[in-house]
Amino acid sequence: SQPMWKPRVCVLMLQYVLRWAQVTNLTKSLGEGDETGGCKLEFVTALLEAMYGETMRCSNWSPRWKHKATLALQRCLITVPALQDHAVTFLSKKDDLPMLLVRAMTQISTAKPDSPHRCKLLELYVKHALEAKKPASDASLEAWRALLGLVSPEDVEKQLIPTALRMSKRNAASAAKSVPSMVAHLGLDLSKHAREILDPLAVDMIKDKDRRTSGILLIHHVVRKCGDSAALITLIEAWIELLKKTSKADEKQAVLMALKSLSEVLSPGLAEVGRA
């Protein structure tokens with residue numbers, strides 16, 4: 001069915017569900033089952049699934065209502081832990097994810113170091129963001145922020161970066177949107193991965209006029225997350241060597257733009273003088 005509810009109505013309904021769960025001790029009632037007059041989990045999940053469908057247009061909501069709805073949904077899921085398992089299963093079966101639910105579940109999972117849902121959510125991120133056939137919207141990429149902020153170095157090295165680089169060759173347009181967003185949201189020092197991410201991906205992006213802004217943005221995000229200047233020196237040396245070897249005008253221009261973008265992050269004061 002087409003989503004027809006306004007944000008205010010969705011938030012009120014979620015608050016009603018939360019209040020119902022608190023007053024009736026819904027977690028205990030679900031455990032009792034039908035034989036003792038308890039509530040069936042399917043009844044609650046069917047109600048929430050209808051709610052999830054109504055939030056598909058949340059990208060058009062104001063930040064205020066997004067925050068209110070996310071908070072209300074989080075409280076419902078935390079109050080009845082069994083609903084978290086259902087939420088992850090529900091997301092796993094969907095091609096078009098309700099981003100409000102994604103936002104709520106990622107924030108819940110990152111708040112608990114031992115969350116059993118974090119690995120599955122990371123798989124869903126890879127599938128729906130990095131491996132997306134079409135460029136993901138800003139709202140959908142933003143929904144994964146909390147999850148990416150706490151991924152492990154192993155996840156970055158073995159899963160996220162290899163997938164990002166692979167998809168940049170298979171689906172350049174989609175990767176131009178998802179890869180800079182991924183790097184921006186990672187909470188790790190990327191010094192050891194700087195060259196792997198940027199060379200030659202950033203130059204390839206900058207060569208394409210449609211992806212140039214994304215390439216420059218990617219350089220800015222990676223450089224800001226590098227605490228080891230030696231890693232950047234290695235990258236600069238590699239780009240200078242490429243500049244000497246290449247005879248292609250567009251590639252030379254792209255390398256020069258990449259070096260300029262890198263220098264703007266390292267020494268913004270000098271960049272301002274250069275513009276003047």
Side-chain angles (χ1 to χ4, degrees), residues 14-15 17-22 24-34 38-53 55-56 58 66-67 69-132 136 139-164 178 181-188:
L14 286 168
Q15 290 173 341
V17 172
L18 173 63
R19 186 60 178 159
W20 170 48
Q22 292 171 333
T24 62
N25 194 356
L26 188 56
T27 301
K28 180 180 178 182
S29 181
L30 289 172
E32 292 175 348
D34 285 342
C39 179
K40 290 185 68 175
L41 179 62
E42 290 79 4
F43 172 77
V44 186
T45 55
L47 175 60
L48 283 177
E49 284 183 17
M51 296 292 300
Y52 299 154
T55 65
M56 291 299 291
C58 70
K66 283 183 188 177
H67 175 72
T70 302
L71 191 60
L73 182 53
Q74 277 183 292
R75 287 174 174 171
C76 290
L77 297 172
I78 291 171
T79 302
V80 187
L83 297 180
Q84 296 177 35
D85 298 331
H86 168 264
V88 174
T89 302
F90 176 81
L91 290 171
S92 301
K93 297 177 180 178
K94 290 292 180 179
D95 293 326
D96 191 11
L97 302 184
M99 286 302 136
L100 201 71
L101 178 58
V102 170
R103 186 190 297 267
M105 277 304 304
T106 55
Q107 291 179 0
I108 291 171
S109 69
T110 53
K112 296 175 60 180
D114 58 343
S115 171
H117 304 119
R118 192 176 299 179
C119 288
K120 185 60 182 179
L121 288 170
L122 189 60
E123 290 177 12
L124 290 172
Y125 168 75
V126 169
K127 177 182 177 182
H128 292 278
L130 293 183
E131 296 179 340
S140 65
L141 294 173
E142 181 66 23
W144 300 99
R145 173 190 286 269
L147 180 69
L148 292 174
L150 291 178
V151 294
S152 68
E154 184 178 5
D155 289 331
V156 172
E157 182 174 353
K158 295 184 177 180
Q159 188 172 12
L160 296 183
I161 291 179
T163 303
S178 62
S181 171
M182 178 194 78
V183 173
H185 293 152
L186 290 175
L188 301 172

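Lys158 meets the side-chain hydrogen bond (donor to acceptor under 3.5 Å, both in side chains) test with Glu154; sequence neighbours excluded. With sequence neighbours excluded, no residue forms a salt bridge (Lys or Arg N to Asp or Glu O under 4.0 Å) with Arg19. Legend: residues meeting side-chain contact (heavy atoms from CB on, under 4.5 Å) with Ile161, ordered by chain and number and at least two apart, are Val156, Leu165, His193, Glu196, Ile197. Checked against side-chain hydrogen bond (donor to acceptor under 3.5 Å, both in side chains), Ser140 has the following partners two or more places apart in sequence or in another chain: Ser137. With sequence neighbours excluded, the residues that form a side-chain hydrogen bond (donor to acceptor under 3.5 Å, both in side chains) with Gln107 are Gln74.
Going from atom OH of Tyr125 over to atom CG of Leu148 covers 4.5 Å, rounded to the nearest 0.5 Å. Here the straight-line distance linking atom CG of Leu48 with atom OH of Tyr52 works out to 4.5 Å at 0.5 Å rounding. Arg118 contributes atom CZ, which lies 14.0 Å from atom CD of Glu123 (distance to the nearest 0.5 angstrom). Going from atom CZ of Arg75 over to atom CG of Leu77 covers 12.5 Å, rounded to the nearest 0.5 Å. Expressed to the nearest 0.5 Å, how far OG1 of Thr79 lies from CG of Leu18 amounts to 5.0 Å. The structure places CG of Leu130 at 9.0 Å from CG of Leu122, a figure rounded to the nearest 0.5 Å.
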Return all side-chain donor-acceptor pairs below 3.5 angstrom for residues 86-105, not counting sequence neighbours, or 'none' if the list is empty.
unit_1	atom_1	unit_2	atom_2	d
His86	NE2	Glu49	OE2	2.8
Thr89	OG1	Asp85	O	3.0
Ser92	OG	Val88	O	2.8

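Nearest heavy atoms, Ser178 versus Ala129: CB-O, 3.6 Å. When every heavy atom of Gln84 is checked against every heavy atom of Ile78, the shortest pair comes out as NE2-CA, 3.7 Å. Across all their heavy atoms, Val80 and Ala21 have their closest contact at CG2-CB, 3.9 Å. When all heavy atoms of Leu141 and His185 are compared, the pair lying nearest together is O-CE1, 3.7 Å. In plain terms, the two heavy atoms of Cys76 and Leu14 that are nearest each other are SG-O, 3.3 Å.
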